[in-house]
There are 2 protein chains.
Amino acid sequence: MSHDRTPAAQSPAQAPAGYDAGEYPVFFVTVDTAIFTVRDGALKLLLVQRQDDPYAGCWALPGGFKNPDETLDEAAWRELAEETGVTTSGWHLEQLGSFGDPRRDPRGNIVTVAYVAFAPDLPDPVAGSDARDARFWDVDDLDLPSLQGGNHDRGLEDAPELAFDHTVIAARAVDRVAAKLEYTTLATAFCRPQFTLGELQHVYEAVWGVRLDRSNFRRWVQQTTGLVRPADTDTRRTSGGRGRPAALFEARSELGTLYPPLLRPDDARALRPAKETR
Amino acid sequence: MSHDRTPAAQSPAQAPAGYDAGEYPVFFVTVDTAIFTVRDGALKLLLVQRQDDPYAGCWALPGGFKNPDETLDEAAWRELAEETGVTTSGWHLEQLGSFGDPRRDPRGNIVTVAYVAFAPDLPDPVAGSDARDARFWDVDDLDLPSLQGGNHDRGLEDAPELAFDHTVIAARAVDRVAAKLEYTTLATAFCRPQFTLGELQHVYEAVWGVRLDRSNFRRWVQQTTGLVRPADTDTRRTSGGRGRPAALFEARSELGTLYPPLLRPDDARALRPAKETR
DNA sequence: GCAAAAGTGTTCATACTACACCCATGC
DNA sequence: GCATGGGTGTAGTATGAACACTTTTGC
């Protein structure tokens, strides 16, 4: 769904009920979602290649128009389902921020509300009817601007060209993910229902781009309340099939605050932009 | 400005340029801002009392309609200036989130983008033409819902009744403030250009509702890079006029990330809702 | 002198870092 | 056996909490 599909429209584009036309300016409202997953030791972002103008051929975050009879969250869930086939399951989906620059869409005044979603590991996406292609991109292969005015345009060869202001949105989204790993249980959202501590550690390492000490990571996870709980089953091997089989754990709650947090080393803050809205 | 003033409208409320009417649903877009200050050792929130229906007599966050020719940030700054008379100075203003429940406004489909602003200490606000009154409220006197499903309706006597979904927005805003003190330089935004370490500590104590050890706070502030810098002037006494005069400091930058953060004690997390978006 | 707030130092317990070492599996 | 990843322990250091003491002002 990339801004070009007709939503289940029921009301014509007049002024919303309750106001006379002409009283205040009106806007289209869209919802765009940055869907992340961790695969092959790297953080991946789902992008769809646009079929039609504007920005035909460019890559964009999946999104669509808000309906008058749904909340913003519901619109994001609906678009997520349409895009990935996911039934409203245990995924984590949260609002990132809104963007309303009048020049952000050449067609006119469109305010978009950006969301961020986190997926364990996904079957490869299918391109929708309005999309030429759809795939997960390694975020390190995207040419995203640094949030603190650093080096945009790193001279990447195969970096896709992004539509609209989606480079800005994607950069903010990547930053949000990295920041939230520190003080929330978000990392478990990238794992399947049952996971090993090694898999969980790989999430942190992939998102932050660092190596963590296995022993210390273990200790931190287990003494941090509300993060994981041992699964009451047997063990299985993972990570290829080598090594000793690992114990399984499961996430404890939906999304909680961690105390103490796991602060990334400050060199990991430099690589991926640090400041943000949280 | 409380949803009822005509913005500097230039385009009639038809579909935005570039699209045919009827193609997609349209919405009004408003901007509401939670303006905080610290006064008398407590965190205060600016509310205006509505003159007209809906919710006449109720208190609301100051806000207004977005214009078609401005970004969301610009709209928030404009409303902030209209409300407080502040020229676009060094204030900190950031987006909180958007709310688009179709039932949030009885007049119809209005999507609002909420902002949070931080003021050092403000001359008392003047009620606008559309407002019956305007004043700072102690956040502890507001009946805000806990974000983690806790105790709403604490049986406060003089708690004002809030319009629309502004209890939810205000609760999220309070939570955002408390969370951002931990790992950003936000606390300095509540201080005047030059301040003492005691004043800075009072900000933390007021927002978190705790007492901090003076000695440890001092040490933390001074060893944390990028938070404060000594002002090159003489000293002055503060806090009433008692005690030894204190050295003055000034904020170092706009809004930075703190490393290490100053984590509030976990009992302070329970009082004010903890989880949040950052 | 006394109260109040600023400024400095010291102690002690805890938490974090960086390793070293053993275990269980596939090949 | 060997490579690979899981699991446990430990010494040294850094960090943070609690508290004692001194200094400078107003009254």
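Owing to the predicted nature of the structure, the values given are computational and were not obtained by experimental measurement. Each chain gets a letter, A, B and so on, in the order its sequence line appears, and its residues count up from 1.
Judged as a side chain to side chain contact (heavy atoms under 4.5 Å, CB included), and not counting sequence neighbours, the contacts of A:Ala119 are A:Thr37, A:Trp91, A:Leu122. Considering only residues two or more places apart in sequence or on other chains, B:Ala189 meets the side chain to side chain contact (heavy atoms under 4.5 Å, CB included) condition with B:His92, B:Phe118, B:Leu186. Partners of B:Ala42 under the side chain to side chain contact (heavy atoms under 4.5 Å, CB included) rule, at least two apart in sequence or in another chain, are B:Lys44, B:Asp138. Contacts of A:Arg192 classified as salt bridge (Lys or Arg N to Asp or Glu O under 4.0 Å), with partners at least two apart in sequence or in another chain: A:Glu199.
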Between the protein and nucleotides 15-17 of chain C, which nitrogen or oxygen pairs come in under 3.5 angstrom?
| unit_1 | atom_1 | unit_2 | atom_2 | d |
| --- | --- | --- | --- | --- |
| C:dC16 | OP2 | A:Gln223 | NE2 | 3.3 |

Could you list the protein-to-nucleotides 25-27 of chain C atom pairs, N/O on both sides, closer than 3.5 Å?
| unit_1 | atom_1 | unit_2 | atom_2 | d |
| --- | --- | --- | --- | --- |
| C:dG26 | OP1 | A:Arg237 | NH2 | 3.1 |

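One atom, CZ of B:Phe249, and another, P of C:dA6, lie 11 Å apart when rounded to the nearest Å. Protein atom CD of B:Gln222 is 15 Å distant from nucleotide atom P of D:dG16, rounded to whole Å. Taking atom CD of residue B:Gln201 and atom P of nucleotide C:dA4, one finds them 17 Å apart after rounding to whole Å. Going from atom CG of B:Asp213 over to atom P of C:dT10 covers 16 Å, rounded to whole Å. The CZ atom of A:Phe217 sits 11 Å away from the P atom of D:dG6 (whole-angstrom rounding). In this structure, the CG atom of A:Leu200 is 12 Å from the P atom of D:dG6, given to the nearest Å. Taking atom CG of residue B:Leu212 and atom P of nucleotide C:dA5, one finds them 16 Å apart after rounding to whole Å.
Using modelled atom types, no side-chain atom of B:Arg135 and backbone atom of B:Val48 make a donor-acceptor pair closer than 3.5 Å. Put simply, the side chain of B:Arg229 gets close to the backbone of B:Ala251: a donor and an acceptor are under 3.5 Å apart. A donor-acceptor pair under 3.5 Å links the side-chain atoms of A:Glu205 to the main chain of A:Leu212, judged by distance alone.
Below the 3.5 angstrom threshold, one finds a donor paired with an acceptor across the side chain of A:Arg214 and the base of D:dG6. In terms of polar N and O atoms assigned as donor or acceptor, the side chain of A:Ser215 never comes within less than 3.5 Å of the base of D:dG7 in a complementary pairing.
When side chains are defined from C-beta on, A:Leu96 does not count as touching A:Tyr115, because their heavy atoms never get closer than 4.5 Å.
Of the residues listed (A:Leu80, A:Val116, A:Leu47, A:Leu45), the one engaging A:Ile35 in a side-chain contact (heavy atoms from CB on, under 4.5 Å) is A:Leu80, and it is the only one.
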